[in-house]
Protein chains: 2
Amino acid sequence: MSIRSQLLKGILEGCILSIIHMQPTYGYELSMKLQKFGLSDVSEGSIYPILIRLQKEKLIIGEMIKSEAGPKRKYYHLTEEGKAALQQFIANWEAIKQPVDKIIDKGGEET
Amino acid sequence: MSIRSQLLKGILEGCILSIIHMQPTYGYELSMKLQKFGLSDVSEGSIYPILIRLQKEKLIIGEMIKSEAGPKRKYYHLTEEGKAALQQFIANWEAIKQPVDKIIDKGGEET
DNA sequence: TAAGCTACTTTGCAATGCAAGGTAGTATAT
DNA sequence: ATATACTACCTTGCATTGCAAAGTAGCTTA
């Protein structure tokens, strides 16, 4: 397990909600979008379980749609609950980011 | 378990390294410093296990020192390995923060 | 003597990312 | 036709980590 994995805990879920909020997205596409954004080592083994969980929690809804080229795709979109959860995630993220930045700014100087 | 807990995973360890890097610190003091920085709900049950782990990994060294008032305190300071680990953490943190900010900036707009 | 603070420690649980492996449809090349 | 590669989905089991809860013990003050 990579060091980064631990940092991603709790973050991935919010990122996935956010990407789906931009536009309905299917799992495989998600992994490529995350890569483009710079979260390069996120595998499908991380993504699909999260999608299933989010759907159980009724934050997203998935629909199988035929693809013109290739296997069928399960497009997900946010529910109203999902939108609320996304806003909550963003608030939590900001509430963590600021203290952490302050802490590493003071303690992380090179010696 | 609070929602924030998940976001803290992997982050707390780096923050603790960073605070100890500013100045040798003991466990109880750490919990108060984290509070002041804004990580308010971090309990001792989170901190001491991390300190023990960091010492096992030889990133920090603890020394019991008599207190003028109250029980003895175990002051921790960073090893060279610990300083390297801190720099590594900061790099990982930056590498996560930027993509996440980009993602929630685009997907997190209110509707 | 009691109460309250300081300070450290341990146990066991819950949540989550991920490696690894699997299934199957489609497209392209040989 | 057959093989290869890509698309796309799903599942199992593990390792890590934060934390609630509970405990131990010294010091200070009333």
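Each chain gets a letter, A, B and so on, in the order the sequences are listed, and its residues count up from 1. No experiment lies behind these values; they were computed from the predicted model shown.
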Whole Å only: how far is the [atom1] atom of [X] from the [atom2] atom of [N]?
| X | N | atom1 | atom2 | value |
| --- | --- | --- | --- | --- |
| B/Lys56 | D/dT17 | NZ | P | 12 Å |
| A/Leu30 | C/dC18 | CG | P | 14 Å |
| B/Glu13 | D/dA15 | CD | C1' | 14 Å |
| A/Met64 | C/dG25 | CE | P | 11 Å |
| A/Ile50 | D/dT11 | CD1 | P | 15 Å |
| A/Leu12 | C/dA15 | CG | P | 17 Å |
| A/Asn92 | D/dG18 | CG | P | 16 Å |
| B/Leu7 | D/dG18 | CG | C1' | 12 Å |

Task: Presence of salt bridge, A/Arg73 and A/Glu29, under 4.0 angstrom - done: no
Counting side-chain heavy atoms from C-beta on, which of [options] comes nearest to [X]?
| X | options | value |
| --- | --- | --- |
| B/Ser5 | C/dA24, D/dC19, C/dT6 | D/dC19 |
| A/Pro71 | D/dA8, D/dG18, D/dC19 | D/dA8 |
| B/Gln6 | D/dG18, C/dT16, C/dC8 | C/dT16 |

Using a heavy-atom cut-off of under 4.0 Å over every strand shown, decide if [X] touches base, sugar-phosphate, or nothing.
| X | answer |
| --- | --- |
| A/Gly27 | sugar-phosphate |
| B/Leu51 | nothing |
| B/Gly70 | sugar-phosphate |
| A/Arg53 | sugar-phosphate |

Side-chain N or O of [X] closer than 4.0 Å to phosphate OP1/OP2 of [N]:
| X | N | value |
| --- | --- | --- |
| A/Tyr28 | D/dC9 | no |
| A/Tyr26 | D/dC9 | no |
| B/Ser46 | D/dG18 | no |
| B/Arg73 | C/dT6 | no |
| A/Lys74 | D/dC10 | yes |
| B/Tyr48 | C/dC8 | yes |
| A/Ser43 | C/dC18 | no |

- [ ] Quick one: sort the B/Trp93 and A/Trp93 rings into parallel, tilted or perpendicular, breaks at 30° and 60°.
- [x] tilted
[Y] side chain reached by [X] side chain, heavy atoms, under 4.5 Å:
| X | Y | value |
| --- | --- | --- |
| A/Ile19 | A/Met22 | yes |
| B/Gln35 | B/Val42 | no |
| B/Leu34 | B/Leu12 | yes |
| B/Lys33 | B/Thr25 | yes |

Open item on the list: Counting distance alone, no hydrogens or angles: does the base of D/dC9 have a donor or acceptor under 3.5 Å from a partner atom on the side chain of A/Glu44?
Closed with: yes
